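Reviewing the structure listed below.
What you see is a predicted model, and the numbers here were worked out from it, not measured in a lab. Both counts, for ligands and for their atoms, begin at 1 and track the order of listing.
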Amino acid sequence: MQQHILTLRIAYEQDVVLARQRAVVIADGLGFDRQDTSRIATAVSELARNAFRHAGGGSVRFAADHRHLLIEVNDQGPGFSRSPDAPPPPAGNPQSRGRGLTGVRRIMDLFELTTGRDGTRILVGKALPAGQNAPAPGLIQDLVRRLCQQHPQSPYEEIQRQNQELLTAMASLRQKQQELEQLNRELTDTNRGIVALSRELEEKADHLQQVNRLQAQFISHLSHEFRTPLNAILGLAQLLLDGADGELNHEQRKQLGYIHLAAKNLADMVNDLLDLARIEAGKMTLRVTPCSAGQLLSTLRGMLKPTLNEKQRQVELVVEDVSDDFPLLETDGGKLAQILRNLVSNALKFTERGEVRVRATYDRWLDQVSFQVVDTGIGIALEDRERIFEEYTQIDHRLQEQVKGTGLGLPLSRKLARALGGDLTVESTPGRGSCFTLHIPRRLQKLSDREAP
Ligand SMILES: Nc1ncnc2c1ncn2[C@@H]1O[C@H](COP(=O)(O)OP(=O)(O)OP(=O)(O)O)[C@@H](O)[C@H]1O
Ligand SMILES: [Mg+2]
């Protein structure tokens, strides 16, 4: 149901101004915001001016239903045939009602046009502000009272007010434009940053590739440059020790022994370093061959027993025999021996009395082999148990000063264990001893039938 608010007659130019002023008061009274009020006033002013100019006058009626503020403009003029959607006719054409009406249609929510030889009726509407249903009758009465009390402003004042509205609108537009420009600038900067960042990343990737290449080159150079002279020193020292150049006196033999030992230590260290570098660079090759755990352990015993020095007379190296039905391993026997050598030599280094025991077990169910190196040595504190697998880590202890080492044995052993498809772990009780466990699959699958990581 419609509630009537006000009807105005348009007979003179001032009535157009009055209609606009009334539209502002009504829209404001119904709670429209500034922008919508301004749109409603513009529409009313446009329609009233049309009626005055093209039909010699008419009427403007304001009403409200439960959804819209409605404005109906009627005239008894000659009507017009153009659709308000058609392009505007040239300026000066008395029928030029198109442009204004198109604008009105755009800024209002409802637009109905009926035109004929005996007049035109245009109904426009604006949806009431959000959350507002039909305005309460009290509100309309109040509005009507306010409208009756208002004196019409002079056209001059109205133009001034409109000017101010225009200026405010322009200022807000300018601010919006500035905000947009600022946003644009920020976007351009961000874009530039992203481009620079991706270029930097590309450069870094190139650089890394180059470093990788250089590292691989370095490794192959080092292995040649270091190992060849070291092997020469070792070989020649051994020859002299064997008396190839005549008998040596006691002092010469002793000094040559030191040279040989130092060269041997250096060779071990260089080999560990090269192995680590090779693993890091993904250049390590595995040679899978059938090997017997029993043989591997007896070689280990033969190799390490003589290294027990004077002070370690109270330490016994026990290598348990493997059972007769222990299956053959298919793995890289060289790497496996290298890991066990490291573990046993550590155990011997850090055990003053008691024993170092090595045993191998086979888990048929998992088809997995475990090697354990158990000692009765100084043990490792809980907080150090993972650290010892990091390069160059050695734990402070009285014994540490008496033994040789660089802190590469365990990190290398763990990497080798993982390369063999297994792992290396430790359990320990400080002051009582440690137990290092290496477990690997009995059969190392070749790369081709190994699952991609
Ligand atoms: N069986 C063990 N008992 C007690 N401490 C150990 C034992 N094995 C290793 N550690 C500790 O872990 C450290 C690291 O061992 P790792 O084998 O990596 O180096 P290293 O034996 O000192 O030198 P390298 O093996 O390079 O000759 C040792 O220095 C020692 O402090
Ligand atoms: Mg070691």
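Annotation: ligand 1 has protein neighbours Asn346, Ala347, Lys349, Phe350, Asp375, Ile378, Gly379, Ile380, Ile388, Thr393, Gln394, Ile395, Gln400, Gly405, Thr406, Gly407, Leu408, Gly409, Leu410, Pro411, Ser434, Phe436, each with a heavy atom less than 4.0 angstrom from the ligand.
Ionic pairing of Arg287 and Asp332 is not present here: no N-O contact between side-chain nitrogen and carboxylate oxygen is shorter than 4.0 angstrom. A salt bridge is defined here as a Lys NZ or Arg NE, NH1 or NH2 lying under 4.0 Å from an Asp or Glu carboxylate O, and Lys415 with Glu391 meets this definition. Under a 4.0 Å N-O distance rule, the pair Arg185/Asp189 does not qualify as a salt bridge. In this structure, Glu46 does not pair ionically with Arg20, as no charged nitrogen and carboxylate oxygen lie closer than 4.0 Å. Between Arg105 and Glu112 there is no salt bridge, since no side-chain N of the basic residue sits under 4.0 Å from a carboxylate O of the acidic one.
Among protein atoms, those of element N, O or S found less than 2.8 Å away from the Mg ion (ligand 2) are Asn346 OD1.
With Arg39 as the fixed residue, the side chain to side chain donor-acceptor pair (under 3.5 Å) test singles out one of Thr37, Asp36, Thr42: Asp36.
At a cut-off of 3.5 Å, with distance as the only test, a side-chain donor of Asp367 or Tyr362 sits close to an acceptor on the other residue. A donor-acceptor pair shorter than 3.5 Å cannot be found between the side chains of Gln182 and Gln178. Inspection of the Gln338 and Asp275 side chains reveals an N or O donor paired with an N or O acceptor under 3.5 Å.
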